[in-house]
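Read through the structure below, which is laid out as structure tokens, and then see the notes.
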Amino acid sequence: MRKKSVSHNNAMKKVRFALSLFAAYWAVLLLMSGVHTGLLVLMDRLQCVEAVQTAVAMAYWGIVAAGIAWFAVGRIRNTYEIPMKQLAEATSKVAAGDFSVYIPTLHTADKLDYLDIMIMDFNKMVEELGSIETLKTDFVSNVSHEMKTPIAIMKNYAELLQADRIEDGQRKEYAESIEDAATRLSDLIGNILKLNKLENQRIMPEAEDYNICGQLCECILQFEDAWEKKEIELEAEMEDVAMVRADASLMELVWNNLLSNAVKFTESGGSINVIQTSDENYIRVSVSDTGCGMSQESMRHIFDKFYQGDTSHSKEGNGLGLALVKRVLELMDGDIQIASEEGKGSTFTVTLPVAGMYEKQEVYIHG
């Protein structure tokens, strides 16, 4: 979905040296000028020689200049040097990999200026970098774990195949297990590559107008053997034609993942319903099953990478399918919602804009 930019408070101070400060400087100079005139008058009445008057005037203005310079340097130091040094030190720590850095703002929330805003943005950036680093670490850990399992299976069964005496039935069983593990590993690597390309926008969607109903029918038929093997009753209700503007190849990933999950989590003798509806602006496709359902905790994390709420089916997937679905729909300006109840099944509802929706919006705006 398109992100909205957030602007900072327009009431923040635009300058760090207020006009009142310059007014104070001006008032002090005027006062010092008055004192200077008073000194000259006093020394004239005391009939001081001209050299003494000149020396006193020079000393006086030297003291005034030194005082103003000292005050200005202090203001500049407190206003710029110290905050910028803190920011430089914090930046060095972040560059070295320390994401626990935090810089306090110089003013309270009602008196923020642009340097405070810059510090707040820096803190937010460091926090997000820390989150990304944590996700990266978790991702590597999860990938390593997911790869280790099928590799161990292949290794174990390969060792069993080397036994001197082995029946043909066992040999076939071991070979099938190796093939299943290799397929799982291949699917894992393929999904990781696809997700990485989508997240880094190395796969640019090629949007086109096409009939989503025809695509849904084709995807459903691909799982015919799977649902018949489990004696699942599958019903589909959809229009003859419903045109969307999206990347057909990427949307096929969405339907295949949703249908695969529905078949996987529906017990033998259960049912799956695929319902497509549309209105003037949106097309909605819901995939419902009578499977095990999900808890509220699982629903909160269902689109996280490698998350598998029902570990009993973990050997049938790698927890990347729904993460792929979510990312594809974001690129298509679509959305997905979940309704689920433990023991009663789940419903995934995909919403996509109809073909020509953006063109109609432009007409309304320019008209």
Side-chain angles (χ1 to χ4, degrees), residues 142-143 145-150 153 173 176-195 215-237 250-276 285-329 336-350:
N142 286 324
V143 168
H145 174 74
E146 290 293 334
M147 285 186 172
K148 186 185 296 183
T149 303
I153 291 173
E173 180 185 344
E176 287 177 351
S177 297
I178 292 174
E179 184 181 7
D180 291 342
T183 300
R184 180 179 171 185
L185 185 60
S186 176
D187 291 342
L188 170 65
I189 295 172
N191 283 338
I192 289 173
L193 292 174
K194 288 175 187 175
L195 191 57
Q215 185 182 51
L216 280 169
C217 290
E218 292 175 1
C219 292
I220 290 171
L221 290 174
Q222 290 178 21
F223 292 90
E224 185 175 5
D225 291 340
W227 88 63
E228 286 184 348
K229 184 178 180 181
K230 295 180 72 173
E231 298 180 348
I232 294 172
E233 181 182 352
L234 193 147
E235 294 185 0
E237 298 178 22
L250 291 179
M251 288 307 303
E252 186 175 349
L253 285 174
V254 173
W255 312 131
N256 285 341
N257 272 290
L258 294 181
L259 291 167
S260 174
N261 283 344
V263 172
K264 178 170 65 175
F265 291 106
T266 301
E267 299 298 332
S268 297
S271 63
I272 297 173
N273 290 317
V274 180
I275 300 174
Q276 177 270 318
V285 178
S286 63
V287 179
S288 305
D289 62 65
T290 57
C292 57
M294 288 180 282
S295 65
Q296 292 296 319
E297 179 66 18
S298 294
M299 289 172 65
R300 280 194 291 270
H301 298 282
I302 196 65
F303 295 111
D304 294 349
K305 300 182 189 72
F306 296 104
Y307 182 79
Q308 293 179 327
D310 181 7
T311 55
S312 65
H313 292 79
S314 60
K315 66 180 181 179
E316 300 176 41
N318 47 57
L320 287 177
L322 289 177
L324 271 170
V325 167
K326 182 72 171 177
R327 183 55 183 149
V328 167
L329 291 174
I336 184 168
Q337 299 293 327
I338 312 170
S340 184
E341 187 175 349
E342 287 187 276
K344 294 187 177 181
S346 304
T347 298
F348 289 83
T349 302
V350 173

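- Here the CD atom belonging to Glu237 is positioned 7.0 Å from the CG atom belonging to Asn273, to the nearest 0.5 angstrom.
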- [ ] Walk me through it: do Ser260 and Phe223 pass the test side chain to side chain contact (heavy atoms under 4.5 Å, CB included)?
- [x] CA-CA 8 Å; Ser260 174; Phe223 292 90; 3.7 Å; yes
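- Counting non-hydrogen atoms of neighbouring residues, nucleotides and ligands closer than 6.0 angstrom, the CD atom of Gln222 exceeds 12 such neighbours.
- A side chain to side chain contact (heavy atoms under 4.5 Å, CB included) with Val285 holds for exactly one of Ile336, Val254, Leu216; it is Leu216.
- Expressed to the nearest 0.5 Å, how far CG of Leu250 lies from CZ of Arg327 amounts to 10.5 Å.
- Proximity of a side-chain donor or acceptor of Thr290 to a complementary backbone N or O of Ser271 within less than 3.5 Å is detected.
- When all heavy atoms of Ile338 and Met299 are compared, the pair lying nearest together is O-CE, 3.7 Å.
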Task: Criterion side chain to side chain contact (heavy atoms under 4.5 Å, CB included) on Trp227 and Leu259, from CA distance to verdict - done: CA-CA 10 Å; Trp227 88 63; Leu259 291 167; over 6 Å; no
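- Atom-to-atom distance recorded for Ser288:OG and Lys344:NZ is 14.5 Å, nearest 0.5 angstrom.
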Task: Intermediate values then yes/no, side chain to side chain contact (heavy atoms under 4.5 Å, CB included), Glu224 and Lys229 - done: CA-CA 8 Å; Glu224 185 175 5; Lys229 184 178 180 181; over 6 Å; no
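- Closest heavy-atom contact between Ala181 and Ile153: CB-CG2, 3.9 Å.
- One finds the SG atom of Cys219 at 4.5 Å from the CD atom of Glu252 (value rounded to the nearest 0.5 Å).
- For the residue pair Gly345 and Ser340, the shortest heavy atom distance occurs at O-OG, 3.2 Å.
- Every side-chain contact (heavy atoms from CB on, under 4.5 Å) that Ser286 has, sequence neighbours left out, goes to Ile275, Thr347, Thr349.
- Annotation: the span from Asn261 atom CG to Ile302 atom CD1 amounts to 7.5 Å, rounded to 0.5 Å.
- No donor-acceptor pair closer than 3.5 Å links the side chain of Thr266 to the backbone N or O of Asp289.
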TODO: Show your working on side chain to side chain contact (heavy atoms under 4.5 Å, CB included) between Phe348 and Val325 and close with a plain yes or no.
DONE: CA-CA 11 Å; Phe348 289 83; Val325 167; over 6 Å; no
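- Counting non-hydrogen atoms of other residues, nucleotides and ligands closer than 6.0 Å to CD of Glu228 gives a total above 12.
- The main-chain N or O of Val263 is found under 3.5 Å from a side-chain atom of Lys230 such that the two form a donor-acceptor pair.
- Contact of the Gln215 side chain with the Met251 side chain is registered, since non-hydrogen atoms from C-beta on lie closer than 4.5 Å.
- The side-chain heavy atoms of Trp255 and Val274, taken from C-beta on, include no pair separated by under 4.5 Å.
- Considering CD of Glu173 and CD1 of Ile178, their distance stands at 11.0 Å, rounded to 0.5 Å.
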